[in-house]
There are 2 protein chains.
Amino acid sequence: MKQDIVSRTAENESVHTRKGGANENVDFGPLANWVGFHLRLAQTASFQAFVQEARAVDLSPGRFATLMLIGRNPGISQTALAAANGRDKSTLTPILEDLERRGLIVREKMKTDRRSYQLSLTDAGKKMLDQLTVCAKRHDDNLDRIIGAKDRVKFLKILQKISAEIGGEE
Amino acid sequence: MKQDIVSRTAENESVHTRKGGANENVDFGPLANWVGFHLRLAQTASFQAFVQEARAVDLSPGRFATLMLIGRNPGISQTALAAANGRDKSTLTPILEDLERRGLIVREKMKTDRRSYQLSLTDAGKKMLDQLTVCAKRHDDNLDRIIGAKDRVKFLKILQKISAEIGGEE
DNA sequence: GCAAATTGGTTTTGTACCCAACTAATTTAC
DNA sequence: GTAAATTAGTTGGGTACAAAACCAATTTGC
């Protein structure tokens, strides 16, 4: 609910505020039609919803993606994982430490290259991943319901196109 | 470039890696089709691109949205601003302090309610906003080019729908 | 083979964010 | 009119992230 006023555009009025305050008719100006702004709002909202969905299992969306990628690519290195995940490798350091401490993953030094770790899930990690996958599925179904089945593929394609192309050409 | 592998889905191979390492054929599993994940990636990418676009003017996307909202709604309170912006009010405190220190906004105590501030732009703030608007326009045109003019409206509508509906029903 | 460059991971530093607890001003109840 | 509830903003504690500097292991040049 925290974001009740957030989602509407400029032509929109009469938000359910009971205060007569300044916030019921906010003019978003050009912001109202800018993709970047709404991308942020949507991402935030979706993130929150996921946390909500997965609060039973105590693991954030970021951790979930990490777990999934390790599960799908056993032996993956931290750098490759960071890249796949769209995060800096330094961001992963504490996350992986945490996951290891919780007994969800193992990090083994490679024989051939003693700099890098091979990451893989423990049995507990696999179980956790399964549980999370259920939550994530529910979350994604929610999104589906909002997006509409027929637009979903297109929508996803555009999102991918954005992350693929926008940084690419400097 | 940092995100080169990030954008492709599971059926995709042969990324331009020159290392023969683990990262060229990452299996994203169900992640590949999950909206939340790609929403995050796209948001991050777009954010980065904006920063790049606006690095001449030294102000982040978040600050920009804040400035725009104040410019469009002079006299708005911090709480209303936070809501419109999709952020917690406590997040705004240091941002507004900074903007004030830079001489871009003024905060005046309301006569009628001495708890709240009325925010507005200074002339410098207006000038800054104009400059930023140009950058943001360029950024948005970039996104347009990627999304395609005909899909843009639809895309935006879906983003708005997500932020509007996903948190709303617990 | 050995110095130089590169690469995998960690540390440090700084930013952006949220939440919960707090203070001060205001409104509501009675 | 005063106590209780509410509201605007700040503070403090904690998480998630990136960038740059760093260490150790590895590869490259010659």
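These figures come from a predicted structure and were not determined experimentally. In what follows, chains are A, B, ... by sequence order, proteins preceding strands, each numbered from 1.
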Contact nearer the 5' end of DNA chain C, comparing A:L96 with A:R40: A:L96
Proximal nucleotide (of D:dT26, D:dG9, D:dC17) relative to the B:R107 side chain: D:dG9
Distance-only donor-acceptor test (3.5 Å): side chain B:R115, base D:dT7: yes
B:Q78, nearest nucleotide to its side chain (from D:dG9, C:dC17, C:dC19): D:dG9
Side-chain donor/acceptor of A:H139 to backbone N/O of A:S46, under 3.5 Å: yes
Minimum-distance nucleotide to A:K89 side chain [options: D:dT26, C:dT10, C:dC19]: C:dT10
Donor-acceptor pairs under 3.5 angstrom involving side-chain atoms of residues 118-126 of chain A: please list them, not counting sequence neighbours.
{"unit_1": "A:T122", "atom_1": "OG1", "unit_2": "A:G103", "atom_2": "O", "d": "2.6"}
{"unit_1": "A:T122", "atom_1": "OG1", "unit_2": "A:L104", "atom_2": "O", "d": "3.1"}
{"unit_1": "A:T122", "atom_1": "OG1", "unit_2": "A:A124", "atom_2": "N", "d": "3.4"}
{"unit_1": "A:T122", "atom_1": "OG1", "unit_2": "A:G125", "atom_2": "N", "d": "3.0"}

Nucleotide of C:dA20, D:dC17, D:dT26 approaching A:R114 most closely (side-chain heavy atoms): D:dT26
Nearest-nucleotide 5' precedence on DNA chain D, B:P94 against A:F47: B:P94
Separation of atom CE in A:M110 from atom P in C:dG9, rounded to whole Å: 8 Å
B:R63 side-chain proximity, nearest of D:dC17, C:dG8, C:dA16: C:dA16
Sugar-phosphate only, base, or nothing, as touched by A:S116 at under 4.0 Å among non-hydrogen atoms: sugar-phosphate
B:T79 side chain, from C-beta outward: closest of C:dC18, D:dA8, D:dT10: D:dA8
Side-chain donor or acceptor of B:D140 paired with backbone N/O of B:A136 under 3.5 Å: no
Quiz item: B:S90 side-chain donor-acceptor pair to C:dC19 base, under 3.5 Å: yes
Under 4.0 angstrom between B:T91 side-chain N/O and C:dC18 OP1 or OP2: yes
Sidechain-backbone polar pair: B:N73 side chain, A:D27 backbone, donor-acceptor under 3.5 Å: yes
Nucleotide C:dG9, atom C1' - distance to CD of A:E108 in whole Å: 17 Å
Phosphate OP1/OP2 of C:dG8: any A:S77 side-chain N/O under 4.0 Å: no
Proximity to the side chain of A:R87 - top-ranked nucleotide from D:dT10, D:dC17, D:dA20: D:dC17
A:D113 side chain vs A:R115 backbone, donor-acceptor pair below 3.5 Å: yes
Integer-rounded Å distance: C:dT23 P and B:D113 CG: 19 Å
Sugar-phosphate, base or nothing in reach of B:I95, heavy atoms under 4.0 Å: sugar-phosphate
